[in-house]
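Have a look at the structure below before the remarks.
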Amino acid sequence: MTEGNIELLAEKAADLIIESKRVVVFTGAGISTESGIPDFRGKDGIWNKYDPDDFTIQKFIAKPEVRKMQWRLLAEGGLVKEAKPNAAHHAVVELEKLGKLDCVITQNIDNLHQVAGNTPEIVFELHGNMQFVRCLGCNKRFPMAEIIVRVETEEIPECEHCKGMLKPDAVFFGEALPQWVLNEAAKRASQCDLCIVIGSTLIVYPAAYIPMYARDAGARLVIINLGSTPMDSQADVRIDGKAGETMSKVLDQVKKKINK
Ligand code: APR
């Protein structure tokens, strides 16, 4: 993708945003790699290092050694480090400030859209949020920071209220997505007039249905991703570029055109 193309395509995406009233932004791990959090299937993806099969809910519940491995990984910061939002997250906040954003629907568990400044009530986390831990016994939720400090001594921390099993509040493979989040996200996607996909391979379901619901409802589609996705041929604008740089260019164009 040559530089010139990105400028031209960013301008086309900006025109679609200006014409839209209800933009849904759908994000994947690719929006957070510039914040230092590895994605899953990109060139330095997590699944190149770990076996996704070890991250199923079935194994977590059945095997203490899997729980021990996962808590150790978290304690070492292996899955979700102290990360800061990057230019792409900030561009999505600007969309909200411009009154263009209906909601963010994210597959990410890093909380970076909220930290960047998007209103939490319009951030729909399909795969949960790694900043929290839930007890599978009494369903109480705790801040991850509170639990992770116990891993050093307890290896597999248990719920202090009911001695139940504690699990990071992210959705594991084989685990159902939070139904109300999925329902609300699907509804918003089918009511939007523009869906902007940022940093996702769009191959994990049911999350990957979201841009399809938007498209099927007649919304325009912008895809910003390094590498191809199965929906590329349906995109009105397809930018094979870095999320931070591309979204910054798009918002610069939007603001320039609005303030013309
Ligand atoms: N800018 C643009 N695209 C990027 C960037 C970047 N800076 N960095 C990575 N990418 C692209 C990668 O090339 C890849 O195509 O983002 C995409 C990320 O895809 P995945 O790693 O598959 O992440 P995601 O689509 O979010 O995965 C969905 O799979 O393992 C599960 O639960 C996990 O939520 C995750 C789900």
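In each ligand, atom 1 is the first atom listed, and ligand 1 is the first ligand listed.
Judged purely by atom type and a 3.5 angstrom limit, Asp193 has no side-chain atom pairing as donor or acceptor with the backbone of Ser20. The backbone N or O of Lys256 sits nowhere less than 3.5 Å from a side-chain atom of Asn259 that would complete a donor-acceptor pair. A donor-acceptor contact shorter than 3.5 Å links the side chain of Asn48 to the backbone of Lys43. Of the possible polar contacts, none joining the Asn225 side chain to the Ile198 backbone as a donor-acceptor pair under 3.5 Å is found. The closest donor-acceptor contact from the side chain of Glu96 to the backbone of Val93 lies at 3.5 Å or more, if one exists at all. Under a 3.5 Å cut-off, the side chain of Arg22 and the backbone N or O of Asp102 do not form any donor-acceptor pair. Remark: side-chain polar atoms of Ser190 are not paired, donor with acceptor, to backbone N or O of Ala214 under 3.5 angstrom.
Remark: ligand 1 atoms within the under-4.0 Å shell around heavy atoms of Trp47 are 30 (O).
Under the 4.5 Å side-chain criterion, counting only non-hydrogen atoms from C-beta, Arg134 is not in contact with Lys167.
The nearest protein atom to atom 32 (O) of ligand 1, hydrogens excluded, is given as His127 ND1, 3.4 Å; this is a heavy-atom distance. If you check which protein heavy atom lies closest to atom 7 (N) of ligand 1, you get Glu34 OE2, 2.7 Å. Protein heavy atom closest to atom 35 (C) of ligand 1, with residue, atom name and distance, is Phe40 CE1, 3.6 Å. In terms of protein heavy atoms, atom 26 (O) of ligand 1 is closest to Ala29 N, 2.8 Å. When only non-hydrogen protein atoms are considered, atom 8 (N) of ligand 1 lies nearest to Thr33 OG1, 2.8 Å.
Both the backbone and the side chain of Thr201 come within 4.0 Å of ligand 1, counting heavy atoms alone.
Note: no N/O pair closer than 3.5 Å links Asn108 and ligand 1 by distance alone. Checked by distance only, ligand 1 and Val204 stay at 3.5 Å or farther apart across all their nitrogen or oxygen atoms. Ligand 1 has no N or O atom lying under 3.5 Å from any N or O atom of Gly227, backbone or side chain. Ligand 1 has a nitrogen or oxygen under 3.5 angstrom from a nitrogen or oxygen of Gln107. Checking only distances, Ala243 does come within under 3.5 Å of ligand 1, N or O to N or O.
Other residues sharing a hydrophobic cluster with Leu182 under the 4.5 Å side-chain heavy-atom criterion for ILVMFWY residues are Val24, Phe26, Ile105, Phe124, Leu126, Val171, Leu177, Trp180, Val181, Val197, Leu202, Tyr205, Tyr209, Ile210, Met212, Tyr213, Leu221, Ile223, Met231.
Not close to ligand 1: Gly45, with no non-hydrogen atom less than 4.0 angstrom away. Heavy atoms of Phe173 come nearer than 4.0 angstrom to ligand 1 in at least one pair. In this structure, Gly241 is part of the shell of residues with a heavy atom less than 4.0 angstrom from ligand 1.
Taking CG of Asn86 as the reference point, atom NZ of Lys242 lies at 9.0 Å (rounded to 0.5 Å).
You'll find the ring centres of Phe173 and His127 outside the 6.0 Å limit.
Checking Ala170, Ser200, Gly28, Ala88 against atom 25 (O) of ligand 1, the nearest heavy atom belongs to Ser200. Relative to atom 12 (C) of ligand 1, the option among Asp39, Ile223, Thr229, Thr27 with the closest non-hydrogen atom is Asp39.
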